[in-house]
There are 4 protein chains.
Amino acid sequence: MINRVILIGRLTKDPDLRYTPNGIPVSTFNLAVNRTYTNQQGEREADFVNCVAWNRQAETVAKYLKKGSLAGVDGRLQTRNYEAQDGRRVYVMEVIAESLQFLEPKGARTKNSEKDEPIPGGGYGDPFGDSDDPIDVSDNDLPF
Amino acid sequence: MINRVILIGRLTKDPDLRYTPNGIPVSTFNLAVNRTYTNQQGEREADFVNCVAWNRQAETVAKYLKKGSLAGVDGRLQTRNYEAQDGRRVYVMEVIAESLQFLEPKGARTKNSEKDEPIPGGGYGDPFGDSDDPIDVSDNDLPF
Amino acid sequence: MINRVILIGRLTKDPDLRYTPNGIPVSTFNLAVNRTYTNQQGEREADFVNCVAWNRQAETVAKYLKKGSLAGVDGRLQTRNYEAQDGRRVYVMEVIAESLQFLEPKGARTKNSEKDEPIPGGGYGDPFGDSDDPIDVSDNDLPF
Amino acid sequence: MINRVILIGRLTKDPDLRYTPNGIPVSTFNLAVNRTYTNQQGEREADFVNCVAWNRQAETVAKYLKKGSLAGVDGRLQTRNYEAQDGRRVYVMEVIAESLQFLEPKGARTKNSEKDEPIPGGGYGDPFGDSDDPIDVSDNDLPF
DNA sequence: TTTT
DNA sequence: TTTT
């Protein structure tokens, strides 16, 4: 059935990249999506949305996004539940990012640190081209 | 910032209509959105999404939707948190339904019970017209 | 870049299935999407959106949808242009349907004609299961 | 019925602001939305989408967006037709922008010309706050 | 009849 | 050149 989510927001912290037991990369990150309306006190609040990216997307997220990065996400809602340490069942809803758009201008991406350097011979290669455009990463590019 | 969710699913139970202390109607309901893909066991699972409707939408939801109804929702993601009875802070994400579409054929809606009768002289009137179409309710129609 | 369209509407005529020179199936169809608001004369109008489906989706559209069918579309906007017979350049925008949901109740689909019979040994098989649910067809199911 | 479009793209030229006979502001602009996939020649193409903004949105578009600006649009598809000078009927589909997000970093917006100065005492005021955030303008802010 |  |  139709299940579609589109968000633009900023990462509230650096993304977290892990691997499943079978070696599949998964990144999780939290997006602050500012509301367009203000509350009764006239303040603009935000919604804080947990997102998950898999495979190539996961690695690109980890490599190029960091706390404060502006990004667009096109994906779907997913719910799951698990048993907490104290035995309670915990219900979670998160956004599975099917396609991602980095909205930082190029300068903002390249002007900083070593951790942004592509690992020589590793990963899926550099997703950035010559243009000064925001970057798209789509599931269609997945090698599997 | 852009925050958009579109879902089609079925209510997993009857909606719950309440009123805020200032008399604003709020309906909550849970939508089962079937996945288009199957899991490793070849089963088709679903995501279970909590939704909230306000004002006129809230009353229409309560009046015309029930467990099993098929509906489309166009809205936005909202997060909030509250303190549970045991002192833990609970974080919740839900979909605020800005516009709703009832996707049951007319027969399915009218063939049953008393509770579907419009309250004489009450509410916002009957949202159903003459056509055999699914019904839309948009925030634009709100009387406030 | 993000490019997402979600529509629910009714086919204004039977879909048109053709094949590219390389044998790729393409269906085109037109969706009437009723507006939720009324015009100055108090009439409810509609938008008439041309849609295109490829491959397996194309064949499923042709087999199971017909004039009047209610369907949901999740896809993207695409523009193209071509030279008309009189030499003018014509600019077209249409929706590429990436995922489709048939919203007719099961009875409505099965109660009629020969053309709905699955061609024995042909096509991609019957997309309908046992449930009374609307049907999804996703590009993920494509055999290529 | 559900009718939702979300796009991120760049203006291919400066927006065009006009007024209806009753003084309602309307801006039209064209967005280049780059595709995430490449064609058979390995080139990345774009879709060129005509958009329309009304009222306050129209004036903000005209004041703050120009050729090359990156923007997000959340809106709906609308079709209309009119008679051309030569008597042919022309069918048009465009996106009505219900909510807009300016995605240029603040520096890019302020580093240039006089035409960006707010008209003293005129318009709807400056939509930019103190933050370094992209800007949202929603129909909810309309003064009518 | 196109943006970066 | 439109669906219910």
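Letters A, B, ... are given to chains in the order of the sequence lines, protein chains preceding strands, and every chain is numbered from 1.
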Interatomic distance where CG belongs to D:Leu103 and P belongs to E:dT4 [whole Å]: 15 Å

Interatomic distance where CZ belongs to C:Arg10 and P belongs to F:dT2 [whole Å]: 18 Å

For C:Gly9, answer base if it contacts any base atom (sugar-phosphate contacts may also be present), sugar-phosphate if it contacts only those atoms, and nothing otherwise; contact means non-hydrogen atoms under 4.0 Å. nothing

In whole Å, what is the span from the CG atom of D:Asn3 to the C1' atom of F:dT4? 17 Å

Can you name the side chain to side chain contact (heavy atoms under 4.5 Å, CB included) partners of C:Val52, sequence neighbours left out? C:Val26, C:Thr28, C:Trp54, C:Glu94, C:Ile96

For D:Leu11 and E:dT3, give me the distance from atom CG to atom P, rounded to whole Å. 11 Å

Quick one: D:Asp16 CG to E:dT2 C1', roughly how many Å, whole number? 15 Å

D:Met93 atom CE is separated from F:dT2 atom P, nearest whole Å, by 18 Å

From F:dT2, F:dT4, E:dT3, pick the nucleotide closest to the side chain of C:Thr12? F:dT2

Among F:dT3, E:dT4, E:dT2, the nucleotide that comes nearest once only the side chain of C:Ala46 is considered: F:dT3

Check every atom of F:dT2, E:dT3, F:dT4 against the side chain of C:Asn34 and return the nucleotide holding the closest atom. F:dT4

For D:Glu45 and E:dT3, what is the distance between atoms CD and C1' respectively, to the nearest whole Å? 14 Å

Within a reach of under 6.0 Å around CD of D:Gln85, are more than 12 heavy atoms found that belong to other residues, nucleotides or ligands? no

Write down the distance between CZ (D:Arg80) and C1' (F:dT2), rounded to a whole number of angstrom. 18 Å

Full working for side chain to side chain contact (heavy atoms under 4.5 Å, CB included) between C:Leu11 and C:Asn30: CA-CA 6 Å; C:Leu11 293 242; C:Asn30 183 268; over 6 Å; no

Out of F:dT2, E:dT2, E:dT4, which has the shortest distance to the side chain of D:Asn30? E:dT2

State which residues pass salt bridge (Lys or Arg N to Asp or Glu O under 4.0 Å) with D:Glu43; sequence neighbours excluded, sorted by chain then number. none

